[in-house]
Number of protein chains: 2
Amino acid sequence: MARAATTSDVFNAIAEPQRREILVLLRAGERPVTELAQELGMTQPGTSKHLRVLREVGLVQDRRTGKQRLYGIDARGLRPVHEWTGGFERFWNESFDRLDEYVQDLKQARRKE
Amino acid sequence: MARAATTSDVFNAIAEPQRREILVLLRAGERPVTELAQELGMTQPGTSKHLRVLREVGLVQDRRTGKQRLYGIDARGLRPVHEWTGGFERFWNESFDRLDEYVQDLKQARRKE
DNA sequence: TTAACGTATGCCGATATCGGAATATGTTTG
DNA sequence: CAAACATATTCCGATATCGGCATACGTTAA
């Protein structure tokens, strides 16, 4: 088995730097592929492929206007990622000393099992 | 070029479900590989490999106690991910109505093609 | 209809991934 | 030292990835 398909998982979809960059660019508004390609410094087909992945996990939407196809963001899918990482917030909010303390506590609790 | 090495990038490291599960398990306290392997339902070598990736991006630390090697979390590296996704917060904080409206607009524009 | 434009898809090569099995490394105990 | 235990590494196969290039598809305009 190789890695799970990027296509099915948001975590995987945003593991790609260029795709993250696309999302950042789209935050400023809808854009056609060609424009994105230019801003990313990559080819149009390459950009189209990244957009496809993002579309399949639901992070972008597209709509046609004449010959153009405008891509827009739908970042709701990022919320689970934000929340998941948020579940670790105490690990960077607590001071180092307190973190150590916490870890010590855990150790002790575990010993009692 | 294939995908960037999991080894150098936190986004990539947490793209793997099993690795995310490891982090969740470690949130409750330090654990040796064998225990993690059991809880994940995977082999010890397999688990060791995931731990290596997590260690290389700095999300876990290990320490020796006798024959055992205890793995503990160091989730500070997740902060950038949390913050990056936080940059899109307004897209899911905006009222559903407004978002819905937006989506309806997109659909309608599409029907007109 | 045909031409021109914008975009998507298909094929390819190089590489990385994940999991399994066997084995190597390292630590403690007798 | 040797045996037992805990963990890491290596090799492998099947598959997925990303980027480039050529080309197919779809829409508009002449």
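All heavy atoms count here, side chains included; hydrogens, waters and symmetry mates do not.
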B:His82 vs A:Trp84, ring-ring contact (aromatic ring centres under 6.0 Å, His included): CA-CA, chis, key distance, verdict: CA-CA 8 Å; B:His82 188 69; A:Trp84 186 82; over 10 Å; no

A:Phe91 six-ring face occupied by B:Arg76 cation (under 6.0 Å, within 45°):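 No, B:Arg76 and A:Phe91 do not form such a contact.
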
Cation-pi check, A:Arg31 onto A:Tyr71 ring (under 6.0 Å, within 45° of axis):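 Here A:Arg31 fails the 6.0 Å and 45° test against A:Tyr71.
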
Scan nucleotides 20-25 of chain C against the protein and return all N/O pairs shorter than 3.5 Å with their distances rounded to 0.1 Å.
unit_1	atom_1	unit_2	atom_2	d
C:dG20	O6	B:Lys49	NZ	2.4

Quick check on [N]: is either OP1 or OP2 less than 4.0 Å from any side-chain nitrogen or oxygen of [X]?
{"X": "B:His50", "N": "C:dT17", "answer": "no"}
{"X": "B:Arg19", "N": "C:dC18", "answer": "yes"}
{"X": "A:Tyr71", "N": "C:dG6", "answer": "no"}
{"X": "B:Arg69", "N": "D:dA8", "answer": "yes"}

Considering all heavy atoms, the nearest B:Gly77-B:Val10 contact: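 Looking at all heavy atoms of both residues, the closest pair is O-CG1, 3.7 Å.
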
Between the protein and nucleotides 26-30 of chain C, are there any N/O to N/O pairs under 3.5 Å, and if so, what are the atom names and distances?
unit_1	atom_1	unit_2	atom_2	d
C:dT27	OP1	B:Arg64	NH1	3.4
C:dT27	O3'	B:Gly66	O	3.4

A:Thr47 side, atom OG1; A:Met42 side, atom CE - distance, nearest 0.5 Å: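 Between atom OG1 of A:Thr47 and atom CE of A:Met42 there are 5.0 Å.
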
Exercise: do B:Gln38 and B:Thr34 side chains pair donor with acceptor under 3.5 Å: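 B:Thr34 and B:Gln38 do not have a side-chain donor-acceptor pair below 3.5 Å.
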
N-O pairing of B:Glu16 and B:Arg20 below 4.0 Å: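 Looking at B:Arg20 together with B:Glu16, the answer is no, because their closest N to O distance does not fall below 4.0 Å.
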
Audit row: B:Arg63, B:Glu30, side chain to side chain contact (heavy atoms under 4.5 Å, CB included) steps and yes/no: CA-CA 10 Å; B:Arg63 96 188 147 88; B:Glu30 292 179 310; 2.8 Å; yes

